[in-house]
Amino acid sequence: LRVKIGVLGATGPAGRGLAARLSDVGYDVLAGSRERVKAEAVVAELREQWGGRVSRITPANNQAACDADVVVLAVNADAALATARYFADQLQGKIVVSMANHLEKHGTEFNAILPPHGSIGKEMQALLWRSQVVTAFHLVPAAEFVNLDRKMESDVVACGDDDDARHTLMEIISAIPDLRAFDGGSLENAVGMEAFAAVLLTINIRHKVRAGLRFSGI
Ligand SMILES: NC(=O)c1ccc[n+]([C@@H]2O[C@H](COP(=O)([O-])OP(=O)(O)OC[C@H]3O[C@@H](n4cnc5c(N)ncnc54)[C@H](OP(=O)(O)O)[C@@H]3O)[C@@H](O)[C@H]2O)c1
């Protein structure tokens, strides 16, 4: 039996794209927003564009989307920790996925803003001590997600302290065609992906490209 997946902030480019991809490969998805009507409008747009491929997405408010077994925080990066704190009780016992890149732009350079525990992932696990936090998707451009006809051609590194939670998320990632999942170890390493997002975006600005992450030699 497949897990149900909730996406908080599914109205943004990253969340709606992820919801669409997951529905397309057969997962039931609760697409959340702070305002349910916004989620309804986004799901209607997705249905118009992709028809039956997104039929497994149900619009919800963020609170209802927390009912899923796996909950992805796809809210604006500034709001990721506050949202996690707000829903801490509902998220108890669940796998919570952080994809937040908290970045600041200085000229043509991005830098990561890291919280006291070293990464947003670790900070979130400290807040959600009754949940299993896994980090992933930091380097996947939202534009790649939302076009279901395009190959993903990205590698996704999952970091998390709980082995089962990390493996469950890797299975979900691998279900999306051409997206490869890699085990990046515990949350100690989440900082590597969060900080590398700043490097990747800087490269994309300075080289005028839209590069993603793909490991060689595999
Ligand atoms: N965009 C990318 O290419 C990309 C790639 C990899 C990772 N990420 C990460 O994925 C996450 C989502 O990215 P995005 O570009 O889709 O973000 P976004 O458009 O900035 O925000 C996504 C959604 O977050 C909700 N939101 C905004 N402010 C909020 C607040 N104060 N409290 C609670 N919810 C709030 C909004 O939904 P409602 O108004 O409907 O509630 C909004 O539609 C971020 O953490 C980002 O770092 C993005």
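Note that ligands are numbered from 1 as they come in the structure, with each ligand's atoms numbered from 1 the same way. Every value quoted in this text rests on a predicted model; they were computed, and no experiment measured them.
Each of the following atoms of ligand 1 lies closer than 4.0 Å to a heavy atom of Ala142: 1 (N), 2 (C), 3 (O). Every atom of ligand 1 with a heavy atom of Ala77 under 4.0 Å away is listed here by number and element: 44 (C), 45 (O), 47 (O). Taking every non-hydrogen atom of Ala100 and a distance limit under 4.0 Å, the qualifying atoms of ligand 1 come out as 45 (O), 47 (O). Here is the list of ligand 1 atoms found below 4.0 Å of a heavy atom in Thr83: 33 (C). Near Ser33, meaning under 4.0 Å from any of its heavy atoms, are these atoms of ligand 1: 38 (P), 40 (O), 41 (O). Atoms of ligand 1 lying under 4.0 Å from at least one heavy atom of Phe137, given by number and element, are 6 (C), 7 (C). Using a 4.0 Å cut-off to heavy atoms of Asn76, the atoms of ligand 1 that qualify are 20 (O), 21 (O), 22 (C), 23 (C), 24 (O), 27 (C), 28 (N).
In this structure, the side chains of Ser119 and Leu187 stay at 4.5 Å or more apart for every pair of heavy atoms. With contacts defined as side-chain heavy-atom distances shorter than 4.5 Å, the pair Arg180/Arg214 qualifies. Lys94 has its side chain out of reach of Asp69: every pair of non-hydrogen atoms, C-beta onward, lies at least 4.5 Å apart.
Between Ser154 atom OG and His138 atom NE2 the span is 13.5 Å, to the nearest 0.5 Å. A distance of 6.0 Å separates CD1 of Ile176 from CG of Leu18, quoted to the nearest 0.5 Å. Annotation: the span from Ile120 atom CD1 to Met99 atom CE amounts to 11.5 Å, rounded to 0.5 Å.
In terms of polar-atom proximity, defined here as any N/O pair under 3.5 Å, Thr11 does make such a contact with ligand 1. Remark: ligand 1 and His138 share no N or O pair separated by less than 3.5 Å (distance only, no angle test). In terms of N/O distances under 3.5 Å, ligand 1 is approached by Ala14. Taking distance alone, with nitrogen or oxygen atoms compared against 3.5 Å, Gly12 approaches ligand 1 more closely than that limit.
A distance-only check finds no donor-acceptor pair linking the side chain of Gln63 to the backbone of Phe87 [under 3.5 Å].
At a threshold of 4.5 Å between side-chain heavy atoms, the hydrophobic network of Ile, Leu, Val, Met, Phe, Trp and Tyr places Val3 and Val97 in one connected group.
From the protein, the heavy atom lying nearest to atom 15 (O) of ligand 1 is Pro13 CG, 3.8 Å. Of the protein's heavy atoms, Val140 O, 3.0 Å lies nearest to atom 5 (C) of ligand 1. Looking from atom 32 (N) of ligand 1 to the surrounding protein, the closest heavy atom is Ala79 CB, 3.4 Å. The protein atom (non-hydrogen) at minimum distance from atom 47 (O) of ligand 1 is Asn101 N, 2.9 Å. Looking at atom 12 (C) of ligand 1, its nearest protein heavy atom turns out to be Ala74 O, 3.1 Å. Among all protein heavy atoms, the one lying closest to atom 11 (C) of ligand 1 is Val75 O, 3.4 Å.
Heavy atoms of Pro141 come nearer than 4.0 angstrom to ligand 1 in at least one pair.
Ile113 approaches Glu104 most closely through the heavy-atom pair CD1-OE2, 3.6 Å. Minimum heavy-atom separation, Asn101 to Met193: OD1-O, 4.5 Å.
For atom 30 (C) of ligand 1, the candidate residues are Met99, Arg34, His102; the nearest heavy-atom contact is made by Arg34. Here the shortest heavy-atom distance to atom 39 (O) of ligand 1, taken over Arg36, Lys38, Glu194, belongs to Lys38.
Contacts between Leu103 and ligand 1 below 4.0 angstrom, taking non-hydrogen atoms only, are absent altogether.
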